[in-house]
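All residue numbers refer to positions in the sequence shown, counting from 1. Source: prediction; values computed, not measured.
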Amino acid sequence: MSGKGDIRKRPEKDIYYLNIARAVAQRSPCIRRKFGAIIVKNDSIVSTGYNGPARGSINCDEVGCLKDILNLPHYSGYDFCPAVHAEENALLNAARHGSSVLGGILYLYGESPDGEVVEEGKPCDRCKRALINAGIDEVVTIRPDGKIVRYKVSDWAREDAENYLREFERIKKK
């Protein structure tokens, strides 16, 4: 059966890849938010990653989350959180297997631990820098309202330089 009313209509590519990133996120042991990332190059998935601690380390779902105990906001507490972010793990897994990510697109999906709320994937500064250096061209994520968001990684390099210079000047004036 085919046609406009076909309920088996193929999803557009961004939704297809974001759905795969969502499935990857289900492996995350994080009790605050689950993120999954996939890297696509030439329309093939070359790597996946989810947020969680380093291999062989302790999982928050085993002992609890210090960020929760301290009531810290999202995008903070990186100095003691054992998590390796989904974006980083996707890059590292590609490296472990010798897969080039140069020129690839990273799809990032996030949700609450219960899977009820979509969390827009906004790479932190550390992940942005890793994605820049790895040669990823674009990051695609989705907002809670279902809108697809595309980021050009090359813009982040410029923004990072501008932020650094702004902070440098602020501190020099003190």
query = For residues Asp14 and Tyr107, is any side-chain donor paired with an opposing acceptor at under 3.5 Å?
reply = yes
ask   = Is the backbone N or O of Gly49 less than 3.5 Å from a side-chain atom of Asn93, with the two atoms forming a donor-acceptor pair by type?
value = no
message = Under a 3.5 Å distance rule, please check whether Ser47 uses its side chain to pair with a backbone N or O of Ile39 as donor and acceptor.
response = no
key: In one Ile/Leu/Val/Met/Phe/Trp/Tyr side-chain cluster, 4.5 Å: Ile136, Ile132   = yes
note = Correct closest heavy-atom pair for Glu138 and Val153 would be N-CG2, 3.8 Å
inquiry  = Do Ile31 and Tyr50 sit in one hydrophobic cluster, given that two such residues count as connected whenever their side-chain heavy atoms are within less than 4.5 Å of each other, even indirectly?
reply    = no
query = Within a radius of less than 6.0 Å around CZ of Arg27, do more than 12 heavy atoms belonging to other residues, nucleotides or ligands occur?
reply = no
ask   = Are the side chain of Ser28 and the backbone N or O of Ala25 linked by a donor-acceptor pair below 3.5 Å?
value = no
query = Are side-chain N/O atoms of Asn163 and Arg166 paired as donor and acceptor at under 3.5 Å?
reply = yes
request  = Rounded to the nearest 0.5 Å, what's the gap from NZ on Lys172 to CG on Leu165? Could you check?
outcome  = 9.5 Å
task = With the side chain counted from C-beta on, respond yes when Ile20 and Thr48 share a heavy-atom pair under 4.5 Å apart, and no when they do not.
result = no
request  = State, to 0.1 Å, how close Tyr17 and Ile38 come at their nearest heavy-atom pair, and which atoms those are.
outcome  = O-CD1, 3.5 Å
key: Minimum heavy-atom distance between Lys67 and Ser76, given as atom pair plus value   = CE-O, 2.5 Å
ask   = Does Ala83 offer a backbone N or O that forms a donor-acceptor pair with the side chain of Asn51 under 3.5 Å?
value = no
inquiry  = To check you understand the geometry: which heavy-atom pair defines the closest contact between Pro82 and Cys60, and what is its length?
reply    = CG-SG, 4.3 Å
For the student: nearest non-hydrogen atoms of Thr141 and Leu108, plus distance = OG1-O, 2.9 Å
Considering only distance and modelled atom types, tabulate donor-acceptor pairs under 3.5 Å from the side chains of residues 96-106, sequence neighbours left out.
unit_1, atom_1, unit_2, atom_2, d
Ser100, OG, Lys41, NZ, 2.9
Ser100, OG, Leu102, N, 3.3

inquiry  = Do the side chains of Arg158 and Glu162 get close enough for a salt bridge, i.e. N-O under 4.0 angstrom?
reply    = yes
Rounded distance [0.5 Å steps], CZ in Phe35 versus OH in Tyr109 = 10.0 Å
request  = With rounding to the nearest 0.5 Å, note down the distance linking CD in Glu88 to SG in Cys124.
outcome  = 6.0 Å
ask   = NZ/Lys152 to CG/Asp137 distance, rounded to the nearest 0.5 angstrom?
value = 7.0 Å
task = Would you check, one step at a time, whether the test side chain to side chain contact (heavy atoms under 4.5 Å, CB included) holds for Gln26 with Glu111?
result = CA-CA 9 Å; Gln26 302 311 301; Glu111 66 185 18; 2.6 Å; yes
ask   = Name the one of Asn133, Leu131, Asp125 that satisfies side-chain contact (heavy atoms from CB on, under 4.5 Å) with Arg129?
value = Asp125
key: Leu18 CG to Ile148 CD1 distance, which is reported to the nearest 0.5 Å   = 5.0 Å
remark   = d(Leu72 CG, Leu66 CG) to nearest 0.5 Å is 9.0 Å
task = Group every Ile, Leu, Val, Met, Phe, Trp and Tyr by side-chain heavy-atom contacts under 4.5 Å, then state whether Val140 and Val24 land in the same group.
result = yes
ask   = What closest approach, in Å, do Asn59 and Pro29 show between heavy atoms, and which atom pair accounts for it?
value = OD1-CG, 3.4 Å
task = Kindly indicate, with the supporting measurements, whether the criterion side chain to side chain contact (heavy atoms under 4.5 Å, CB included) is fulfilled by Lys13 and Asp43.
result = CA-CA 9 Å; Lys13 287 271 176 100; Asp43 209 21; 2.5 Å; yes
inquiry  = Please check if the number of heavy atoms outside Phe80 that lie under 6.0 Å from its CZ is greater than 12.
reply    = yes
query = Is the number of heavy atoms from other residues, nucleotides or ligands under 6.0 Å of Asn42 CG greater than 12?
reply = no
Joint hydrophobic cluster, Tyr16 plus Val118, side-chain heavy atoms closer than 4.5 Å = yes
